[in-house]
Novice: 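My questions will all concern the structure given below.
Hydrogens, waters and symmetry mates play no part in the numbers below; they use all other heavy atoms, side chains included. Residue numbering restarts at 1 for every chain, and letters A, B, ... go by the order of the sequence lines.
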Number of protein chains: 2
Amino acid sequence: MINPPYGTATHRQIAAVLRDEIHTGRLRPGDRLPSETTLQQQYGVARLTARRAVDVLRAEGLADYQRGRGVVVREQPERAELVPPAGATVTSRMPTPEERDDLETPEGVPVISVVAMDGTIGTYPADRWELRWPG
Amino acid sequence: MINPPYGTATHRQIAAVLRDEIHTGRLRPGDRLPSETTLQQQYGVARLTARRAVDVLRAEGLADYQRGRGVVVREQPERAELVPPAGATVTSRMPTPEERDDLETPEGVPVISVVAMDGTIGTYPADRWELRWPG
DNA sequence: CGAGATTTGTGCGTATGTATT
DNA sequence: AAATACATACGCACAAATCTC
């Protein structure tokens, strides 16, 4: 198990295991993932490999690093309803680091960008907002 | 320049320089970024550090790795208009690796998730679709 | 309060494999 | 065939934040 190169990279295999534990609910929001050291021993890999596995989950918005504490399964906040102005164009993309700072969003969370017809731009963290299509 | 630890990490500083070159247009879509080896020499850092800098840009959806070729500034495809069914709930999030495979989206691109009132779920790469709010 | 253990953050070096040019 | 460039993996070290005692 977790047999090195090719096919699927070791760190992706480990990431898949952890992801599954999150999706099945064995690991719940707020729970800590195994530490990098633990994963290292558990799978017999280098720390960097263990870390990269966790990196994958962070990029997916499933987990957060907390230096000194560990890695925790992300809480999914309630989404409020976002109502754009009539005729606005709505897109989604990853934020710049500055935007992440401003909006206080963790990594792995896209932003919803709303461009009104007068050119006004609104930017909303996608983990806290949703749209309800009219009709 | 690029003075080691703390304040801002070296790889983030390098990422900031590259990001700026993309945003100012010095590097344009389709252009190749400096190779990891070049960055390594240019900034006097380890290859891993250079790579991490580029990783940051990829996570933001600004660049793509192409093994054997280099790292290129991502082309921004045209966005088609997505029209959800009436009453649908629209959210955005990062895709799982499986979804990325299915949808053939590069890293750093969110998906738009459309949940219709009957429970049907549609998933659309956010770099190829946009919404026009009615009214 | 402080000292130590734990855990992540960042950085260095090295090696080998695979894809493209 | 060879050079270039990314992909993955190993190792080590020290700093900073947090937790525990």
Novice: Starting the side chain at C-beta, find the nucleotide from D/dC6, C/dG9, C/dT7 nearest to A/S35.
Specialist: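 Nearest listed nucleotide: C/dT7.
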Novice: Rounded to whole angstroms, how far apart are CD on A/Q66 and P on D/dC19?
Specialist: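 Answer to the nearest Å: 8 Å.
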Novice: Tell me the interatomic distance from B/Y43, atom OH, to C/dG11, atom C1', rounded to whole angstroms.
Specialist: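 Roughly 17 Å, once rounded to whole Å.
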Novice: Closer than 4.0 Å, any side-chain N/O of A/T10 to the OP1 or OP2 of D/dA9?
Specialist: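 A/T10 to D/dA9 OP1/OP2: side-chain N or O found under 4.0 Å.
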Novice: Please give the remaining members of the hydrophobic cluster of A/V111, linking ILVMFWY side chains under 4.5 Å, ordered by chain and number.
Specialist: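 Its cluster partners, ordered by chain and number, are A/L103.
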Novice: Of the options D/dC10, D/dT8, D/dA7, whose atoms approach the side-chain atoms of A/H11 most closely?
Specialist: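 When the side chain of A/H11 is considered, D/dT8 is the closest of D/dC10, D/dT8, D/dA7.
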Novice: For A/E21, is there an ion pair with A/R26 - N to carboxylate O distance below 4.0 angstrom?
Specialist: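 Yes, charged N to carboxylate O under 4.0 Å.
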Novice: Between B/L48 and B/T38, which residue's closest nucleotide on DNA chain D lies nearer the 5′ terminus?
Specialist: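 On the 5' side of the pair lies B/T38.
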Novice: In the structure shown, which nucleotide is the Watson-Crick or G-U wobble counterpart of D/dA2, with both distances under 3.5 Å?
Specialist: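 Across any shown strand, D/dA2 pairs with C/dT21.
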Novice: Ignoring hydrogens and angles, answer whether the base of D/dA7 and the side-chain atoms of A/R12 contain a donor-acceptor pair closer than 3.5 Å.
Specialist: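 Absent.
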Novice: Given atom CD of A/Q40 and atom C1' of D/dA9, what is their separation to the nearest angstrom?
Specialist: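 Spelled out: CD on A/Q40 to C1' on D/dA9 is 12 Å.
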Novice: So, does A/R69 get its side chain near the phosphate of D/dC19, meaning an N or O under 4.0 Å from OP1 or OP2?
Specialist: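 The answer is yes; a side-chain N or O of A/R69 sits under 4.0 Å from OP1 or OP2.
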Novice: Taking OH from B/Y65 and C1' from D/dT4, how many angstroms apart are they, rounded to a whole number?
Specialist: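 So the two atoms are 16 Å apart, to the nearest Å.
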Novice: Heavy atoms from C-beta onward define the side chain here; which of D/dA5, D/dA9, C/dT8 lies closest to that of A/R52?
Specialist: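 Selected nucleotide: D/dA9.
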Novice: Using 4.0 Å as the upper bound for N to carboxylate O, is an ion pair formed by B/R28 and B/D31?
Specialist: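 Not counted as a salt bridge, because no side-chain N and carboxylate O are separated by less than 4.0 Å.
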Novice: Within the 3.5 Å criterion, strictly below it, is a donor on B/R100 or B/T105 matched to an acceptor on the partner's side chain?
Specialist: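 No, because no side-chain N or O of B/R100 sits under 3.5 Å from a partner of the opposite role on B/T105.
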Novice: Nearest of D/dC6, C/dT10, D/dA9 to any side-chain atom of B/R67?
Specialist: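 Comparing D/dC6, C/dT10, D/dA9 against the side chain of B/R67, the answer is D/dC6.
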Novice: Please compare A/A50 and B/R32 by the position of their nearest nucleotide in DNA chain D and report the one closer to 5'.
Specialist: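 Mapping each residue to its closest nucleotide by heavy atoms, the 5'-most match is B/R32.
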Novice: Taking the side chain of B/A46 as heavy atoms from C-beta outward, which of C/dG11, C/dG13, D/dA7 is closest to it?
Specialist: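 Ranking C/dG11, C/dG13, D/dA7 by closest atom to the B/A46 side chain puts C/dG13 first.
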Novice: Of the listed nucleotides (D/dA9, C/dT7, C/dT10), which one gets closest to any side-chain atom of A/R51?
Specialist: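 Nearest to the side chain of A/R51 among the choices is C/dT10.
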Novice: Can you measure B/Q41 atom CD to C/dC12 atom P for me and round it to whole angstrom units?
Specialist: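 My rounded result for the distance is 14 Å.
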Novice: What's the CD-P distance between A/E36 and D/dC12, to the nearest Å?
Specialist: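 These atoms are roughly 16 Å apart.
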Novice: Is the closest basic N to carboxylate O distance between A/E60 and A/R74 below 4.0 Å?
Specialist: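 Answer for the salt bridge query: no.
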Novice: Can you measure A/D64 atom CG to C/dT7 atom P for me and round it to whole angstrom units?
Specialist: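 Distance check: A/D64 CG to C/dT7 P gives 18 Å.
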Novice: Would one find a side-chain N or O of B/R47 under 4.0 angstrom from OP1 or OP2 of C/dC12?
Specialist: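 Checking B/R47 against C/dC12: no side-chain N or O falls below 4.0 Å of OP1 or OP2.
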